[in-house]
Amino acid sequence: MLVLPKGLRHIPGHLDRAGQEQLVNEIRTVVGQAPLYRPEMPRTGKPLSVRMTNCGDLGWVADKAGYRYQDRHPVTGAPWPPIPDMLLQLWRELSGDSRPPQACLVNFYDDKARMGLHQDRDEQDFSAPVLSVSLGDACLFRVGGTERSQPTRSFRLESGDVVVLGGESRLVFHGVDRIYPTTSTLLRDGGRINLTLRRVSG
Ligand code: MD3
Ligand code: FE
């Protein structure tokens, strides 16, 4: 039997439609100040299919030099805009950590975008959970164990769902296998937004 890793908490429909709409508006403001761009794979420079930006003190970036957190947008050179209050509140409510998040990665998936199985280990501190919010079209999400060879289990993430990855689940392999186009009316032009809130430096 495959069970979800300990410490993984999936909260379907945590945000109602009004909350989702409010959050999309906040993210539109963020993207207006820090445009989505397409990161590149380390070494090869191959573009990722997911477009990204960040808000918060630190943002996750990827380019030919590697993966890292930095305090400025790699294209505009500007500091990242602040994390919207609504997300800070969500973190206080659900993270179980008294410290505020330092980074909020904004991932945008069009119909064809996906994210291969990976671990999140570019942070210095794994004691805080990662908190994820899904908006727009649904996706097929996959989680495994802390070793790539371990079995995985897939489930669907819908608009308004929140996932908290703490404890033993913090370092599990995970990825997004596919987007289900036209499954949500939240984003006028379709697609999926995922927001991940993190502590980076401890
Ligand atoms: C963290 N994003 O940006 S978030 C990523 O839907 C990323 O855009 C996915 O993976 C997305 O790094 C998934 C939810 C998630 C799920 C499992 C995790 C984050 C996780 C397990 C460990 C750490
Ligand atoms: Fe990840």
Side-chain angles (χ1 to χ4, degrees), residues 2-12 14-15 23 27 36-39 41-42 48-56 58-62 66-69 83 87 90-91 94-97 101-148 150-180 183-184 186-187 191-200:
L2 276 174
V3 291
L4 287 175
K6 270 207 187 108
L8 186 154
R9 188 166 163 222
H10 177 202
I11 314 170
H14 184 76
L15 294 178
L23 189 48
I27 296 308
L36 290 166
Y37 72 99
R38 203 180 290 280
M41 293 286 288
L48 304 191
S49 60
V50 180
R51 291 190 296 153
M52 297 182 177
T53 189
N54 292 270
C55 49
L58 293 169
W60 186 88
V61 300
Y67 302 128
R68 65 189 174 278
Y69 283 90
I83 298 177
L87 288 172
L90 199 66
W91 174 270
L94 296 174
S95 73
D97 200 294
Q102 293 170 301
C104 175
L105 174 62
V106 178
N107 291 332
F108 179 78
Y109 296 78
D110 66 17
D111 291 1
K112 297 270 143 52
R114 51 183 291 283
M115 191 178 283
L117 207 64
H118 67 278
Q119 286 174 301
D120 290 9
R121 43 183 331 145
D122 299 317
E123 301 74 28
Q124 279 149 33
D125 178 30
F126 303 133
S127 69
V130 174
L131 192 153
S132 140
V133 185
S134 293
L135 296 168
D137 287 332
C139 76
L140 183 65
F141 179 72
R142 187 210 287 259
V143 286
T146 54
E147 305 287 335
R148 190 179 283 279
Q150 285 170 335
T152 61
R153 169 186 165 167
S154 296
F155 57 103
R156 205 171 147 119
L157 290 180
E158 308 269 359
S159 194
D161 288 8
V162 173
V163 185
V164 186
L165 298 308
E168 291 176 26
S169 73
R170 177 62 183 75
L171 287 171
V172 299
F173 280 84
H174 58 280
V176 174
D177 287 343
R178 62 162 299 191
I179 302 299
Y180 295 106
T183 51
S184 165
L186 186 69
L187 305 175
R192 171 174 183 265
I193 294 170
N194 181 265
L195 310 171
T196 46
L197 296 167
R198 296 183 168 87
R199 289 289 305 177
V200 176

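Start at 1 and go down the list; that is how both ligands and their atoms are numbered.
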*May I ask you to check whether H10 and F155 place their ring centres under 6.0 Å from each other?*
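Yes: the rings meet the under 6.0 Å criterion.
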
*Please work out the angle at the Fe ion (ligand 2) defined by atom NE2 of H118 on one side and atom NE2 of H174 on the other, rounded to 10°.*
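Once rounded, the angle between the two atoms at the Fe ion (ligand 2) is 90°.
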
*Take L131 and V162, measure what side-chain contact (heavy atoms from CB on, under 4.5 Å) needs, and give me the verdict at the end.*
CA-CA 7 Å; L131 192 153; V162 173; 3.9 Å; yes

Protein contact of [atom] - nearest heavy atom, named by residue and atom, plus distance:
atom	result
atom 19 (C) of ligand 1	L165 CD2, 3.4 Å
atom 9 (C) of ligand 1	Y109 OH, 3.8 Å
atom 4 (S) of ligand 1	N194 OD1, 3.4 Å

Under 4.0 Å, heavy atoms only, figure out whether ligand 1 is touched by the backbone of [X], its side chain, both or neither.
X	value
W60	neither
S134	neither
L157	neither
V176	side chain
Q119	neither

*Of all N/O/S atoms in D120, which lies nearest to the Fe ion (ligand 2)?*
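Considering only N, O and S atoms, D120 comes nearest to the Fe ion (ligand 2) through OD1.
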
State if [X] counts as touching ligand 1 under the rule of any non-hydrogen atom under 4.0 Å.
X	answer
F173	no
R198	yes
V163	no
F141	yes

*Measure from atom 6 (O) of ligand 1 to every heavy atom in R192, M115, R170, H174 and give the option owning the shortest one.*
R192

